[in-house]
Amino acid sequence: MSRRTTRVAPAAGALAIALALSACSSSETPASEKGGGSGKHRTIAFIPGCTCDPYYSTQIEGFKAAAKAAGATAIVQGPANFQASEQIPVLQAVAQKKPDAIVIDPTDATALAAPIAVVVAKGIPVMTTGNNVNSDKIFTAIAASSTKGGTLGAQELMKQKPEGGKVVFVHIKPGISSIDDREKGYREAFAGQSNYKVLANLYAGNDSATQAAGLVQSAITANPDLVAIFASNVITAEGAANAVKAAGKTGKIAVVGYDASPQEAAYLKDGTLTALVSQNPYQIGQLAVENTLKYLGGDHNIPKDQPLVPLVITKDNLDDPASQTALYK
């Protein structure tokens, strides 16, 4: 999910290059000679972290659009919930269909490593988007840099609350690589900032907006001088926004929500959320197809890691074209 989580300043340029390469792939020159990506007779599968999140539905749109433009066949199948125990059987079922390649957003960096290795051993190349996997078997990983996103979000909170005070990070559970990285970037940004006190994380282990709201409400009650909240994904952002609104703290507590779902955008407009950190999943879906076709076309010099820079969206830049493109559908 937006735990996804890990990237948009250079994104526009990367997207333009991707589209240009896709257009070139329609010529009669063999893909292997171009080092790029005709999708003709290619079948590419995408396995999102779940089918329960605007981040993934937007990435699926980008993936399907790019596959269609390249003439490739797209298979999309994902678990209902963001759980490794649900995603592994989906990966195994998709591999049985023998696609030319698989793109997957792993729900657990450790649990998915061995299943992915099995798939690669069967001759199906695999790349990841969003979350990382503890494996050297993938041919590339494309995601918005969660560490950078955590840093940018924290810097925005400091910009909005320069006077200092208590701040808190709303996590889900340790082991989700993208959210762990967001926390890392957040803590690095606040390190050495003596006028801020970083409270212990809040863990919404069920990834529930209701649970997150309860945790944030308790934190607000226990810390009247709480000035800023970093909510680490779509669900925790919704919960944090609801808690801040219920406490009558709208505009008084700065709240960064990771991702940029329609609900988060609505909260940004009414001031309950004061900033969003978008990963631009539509673009990630497009780049996943482009890179897969390049790999299948014989280009095996693709970088192993391709971090993109997330975009911080506030009321001030919400109407900018870059921000509008980065909002989730």
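Bear in mind the structure is a predicted one, so any value in this text is a computation, not a measurement.
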Nearest non-hydrogen partners of [X] and [Y], listed with the distance:
X	Y	result
Val234	Pro54	CG1-CD, 4.3 Å
Ala254	Gln160	CB-OE1, 3.4 Å
Cys50	Ala80	CB-O, 4.0 Å
Val170	Ser232	O-OG, 2.6 Å
Ala231	Ala240	CB-CB, 4.2 Å
Val256	Thr274	N-OG1, 4.4 Å

Going from [atom1] on [X] to [atom2] on [Y], what distance comes out if it is rounded to the nearest 0.5 angstrom?
X	Y	atom1	atom2	result
Leu273	Glu238	CG	CD	9.5 Å
Thr292	Glu290	OG1	CD	9.5 Å
Gln263	Ile235	CD	CD1	10.5 Å
His300	Thr140	NE2	OG1	12.0 Å
Asp225	Lys197	CG	NZ	8.5 Å
Ser177	Asp108	OG	CG	8.5 Å

Any heavy-atom pair between the side chains of [Y] and [X] that's under 4.5 Å?
X	Y	result
Leu226	Val168	yes
Pro89	Leu91	no
Thr58	Leu327	no
Tyr186	Thr147	no
Asn242	Tyr267	yes
Gln324	Leu318	yes

[Y] and [X] side chains, donor-acceptor separation under 3.5 Å:
X	Y	result
Asn280	Tyr328	no
His171	Asp180	yes
Ser261	Glu264	yes
Thr236	Asn233	yes
Asn195	Glu163	no
Gln59	Thr129	yes

Chi angles and distances behind the side chain to side chain contact (heavy atoms under 4.5 Å, CB included) call for Val133, Ile138: CA-CA 9 Å; Val133 66; Ile138 61 171; 4.1 Å; yes
Atom NZ of Lys329: over 12 foreign heavy atoms under 6.0 Å: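 Yes - once you tally the heavy atoms of other residues, nucleotides and ligands closer than 6.0 Å, there are more than 12.
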Apply side chain to side chain contact (heavy atoms under 4.5 Å, CB included) to residues Gln92 and Val118 and explain how you reach the verdict. CA-CA 9 Å; Gln92 293 167 338; Val118 170; over 6 Å; no
Is the side chain of [X] donor-acceptor paired with the backbone N or O of [Y] at a distance under 3.5 Å, no angle test?
X	Y	value
Gln279	Pro310	no
Asn317	Val312	yes
Asn81	Gln83	no
Arg42	Leu296	yes
Ser323	Asp319	no
Lys161	Glu156	no
Asp105	Asn131	yes
Gln211	Asn206	yes
Glu86	Pro79	no
Gln77	Pro48	no

Is there a side-chain hydrogen bond (donor to acceptor under 3.5 Å, both in side chains) between Asn201 and Tyr203? Walk through the geometry before answering. CA-CA 6 Å; Asn201 290 349; Tyr203 289 98; 3.1 Å; yes
Given the rule in the salt bridge (charged side-chain N to carboxylate O under 4.0 Å, His left out) test, do Arg187 and Glu183 qualify, once you have shown the distances and angles that lead to the verdict? CA-CA 6 Å; Arg187 290 189 175 276; Glu183 181 197 353; 2.8 Å; yes
Qualifying residue for side chain to side chain contact (heavy atoms under 4.5 Å, CB included) with [X], from [options]:
X	options	value
Ile47	Val126, Ile104, Thr107, Val103	Ile104
Asn134	Leu112, Thr110, Ile116	Thr110
Ile253	Ile220, Thr272, Val227	Ile220

Mind telling me whether Tyr295 and Phe139 have parallel, tilted or perpendicular rings, with 30° and 60° as the class edges?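 Plane angle under 30°, so parallel.
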Phe82 and Tyr56 aromatic ring geometry - parallel, tilted or perpendicular at 30°/60° bounds: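 Ring orientation, 0 to 90° scale: parallel.
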Any salt bridge (charged side-chain N to carboxylate O under 4.0 Å, His left out) pairs touching residues 127-151, not counting sequence neighbours?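 Every pair satisfying salt bridge (charged side-chain N to carboxylate O under 4.0 Å, His left out) with a residue in residues 127-151: there are none.
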Which residue pairs pass the salt bridge (charged side-chain N to carboxylate O under 4.0 Å, His left out) test when at least one of the two sits in residues 265-277, sequence neighbours left out?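 Matches after skipping sequence neighbours: Lys245-Asp270.
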Answer with yes or no whether the hydrophobic clustering places [X] together with [Y]; edges join I, L, V, M, F, W, Y residues whose side-chain heavy atoms lie under 4.5 Å apart.
X	Y	answer
Ile44	Ile142	yes
Val90	Ile88	yes
Ile302	Phe63	yes
Ile124	Val94	yes
Ile313	Val244	yes

Might you work through the side chain to side chain contact (heavy atoms under 4.5 Å, CB included) test for Phe46 and Lys64, ending with a clear yes or no? CA-CA 9 Å; Phe46 175 50; Lys64 287 182 174 179; over 6 Å; no
Pair Lys122-Gln96, side chain to side chain contact (heavy atoms under 4.5 Å, CB included): steps then yes or no: CA-CA 10 Å; Lys122 292 179 179 179; Gln96 289 297 317; 3.8 Å; yes
